[in-house]
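We number each residue from 1, following the sequence as shown. Heavy atoms only: backbone and side chains are in, while hydrogens, waters and symmetry mates are out. Counting starts at 1 for both ligands and their atoms, following the listed order.
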Amino acid sequence: MTVAPARWTVEERTRPSPGRLAADLRAGLASRPVTIPPKWFYDEKGSALFDAITHLPEYYPTRTEEAILRAHADELPQVQALVELGAGYSRKTRLLLEALTRGDRPLLFVPLDVAVEPLRDAAERITADFPTVTVHGVVADFDEELTPLPGTPGERLVAFLGSTIGNLTPGPRAAFLARLHRATAPGDWFLLGADLVKDTDRLVRAYDDAAGLTAEFNKNVLHVLARELDADLDADDFDHVAVYDTEHDRIEMRLRARRALSVPVRALGLVWELAEGEEVLTETSAKFRLEGLRQELAEAGFDVVETWTDTARDFSLTLARRRHQQRADGYVASHESQGEP
Ligand code: AVJ
């Protein structure tokens, strides 16, 4: 009997722990409005709800991005490694893998995710379906340092799809791009999916659908807090709210207390007091303008090479490349090949 060498590994750099949720809630309770980071939506139920949202008629981003990717996947650079931030084994991942392995090209696939189980599942299925792909999964949070990224420096494509970048407000977004810059080398590519500014009514409907799935998704974070932090939270005490902030170009999802509440949070040893009508901020989802994106990327050291959109300009895919020596301010580093000052 011969045993094939394993074509996948999963490297655990972080473990999700209730301690991190406790710290996030503690910090969130001290801010106004009270804020809970959106990453805590995604337990098993929340992930399933999000998947259902992507099929809703009102939620255009996923299907639009997929169509753009389908139309332009063959124009992507032929790289040695594909790194996917927040990856799973989506249809979009398949499209990328198909395009990058055409003609039986070998490819290293580096899915990066906060959870180990989906990574193992994806790694098994991808190695089974794509004979020329080797998988090196990384369990990590892109809120934290990304370095070192597997793959050959200068020959990698980092994909960050689905407008997940929209969950970051401008400061944290610049910090994320700086982390990406530290983790990449000159010549590496960045493929970014970003939702675009559009008619307010359509945006609000995408985050407040008629079937109520987004409301359920939003309230799911209350179940996560109740379970993980032993909090007496009842989802029925809250209303789902989705508003568009035209000043900051972003959707905000909030949970509004229907009455005054005193919520024991035993894991934190405190009682969370909410006034009637008080709103808890659970997600911001930024909507972008192409010129602004181009500028943010350039400031972070990534030059836009291509921008693809659908005909309605609802969603964008941007292909950028990490600059070689020259910086936006004109400074040219002559000797170092990596890591500008
Ligand atoms: C996964 C963050 C891109 O902001 O559109 C969907 C999450 N929230 N419906 C988004 C989400 C409500 C989604 N992202």
When you measure from atom 10 (C) of ligand 1 to each heavy atom in Phe217, Phe50, Tyr59, which option holds the nearest one? Tyr59
Please find out if less than 6.0 Å separates the ring center of Phe109 from that of Phe130. no
For Gly162, atoms of ligand 1 separated by under 4.0 Å from a heavy atom: 3 (C)
Decide whether an N or O pair under 3.5 Å exists between Ser163 and ligand 1. no
Inspect the contact between Arg63 and Glu65 and indicate whether a charged nitrogen and a carboxylate oxygen are less than 4.0 angstrom apart. no
Taking atom 2 (C) of ligand 1 as the reference point, the nearest protein heavy atom with its distance: Asn167 OD1, 3.2 Å
Salt-bridged, Glu66 to Arg70, with N to O below 4.0 Å? yes
Ignoring angles and geometry beyond distance, decide whether Lys287 reaches within less than 3.5 Å of ligand 1 through its nitrogen or oxygen atoms. no
With a 4.0 Å cut-off, would you call Arg32 and Glu279 a salt bridge? no
Pairwise ring-ring contact (aromatic ring centres under 6.0 Å, His included) hits with a residue in residues 210-231, at least two apart: Phe41-Phe217, Tyr42-Phe217
Can you sort out which atoms of ligand 1 are near Ser285, meaning under 4.0 Å from one of its heavy atoms? 4 (O), 5 (O), 10 (C)
Would you check the N or O atoms of Thr214, main chain and side chain alike, for any that come under 3.5 Å of an N or O of ligand 1? no
Taking heavy atoms and a distance under 4.0 Å, where does Phe41 meet ligand 1: side chain, backbone, both or neither? neither
Per-residue contact class, Tyr42 against ligand 1 - non-hydrogen pairs under 4.0 Å: side chain
Which is closest to atom 7 (C) of ligand 1 in terms of heavy atoms, Glu65, Glu58, Glu283? Glu283
Tell me whether the guanidinium CZ or amine NZ of Arg322 lies under 6.0 angstrom from the six-membered ring centre of Phe190 and within 45° of its axis. no
Using a strict 4.0 Å threshold on nitrogen-to-oxygen distance, state whether Asp141 and Lys39 make a salt bridge. yes
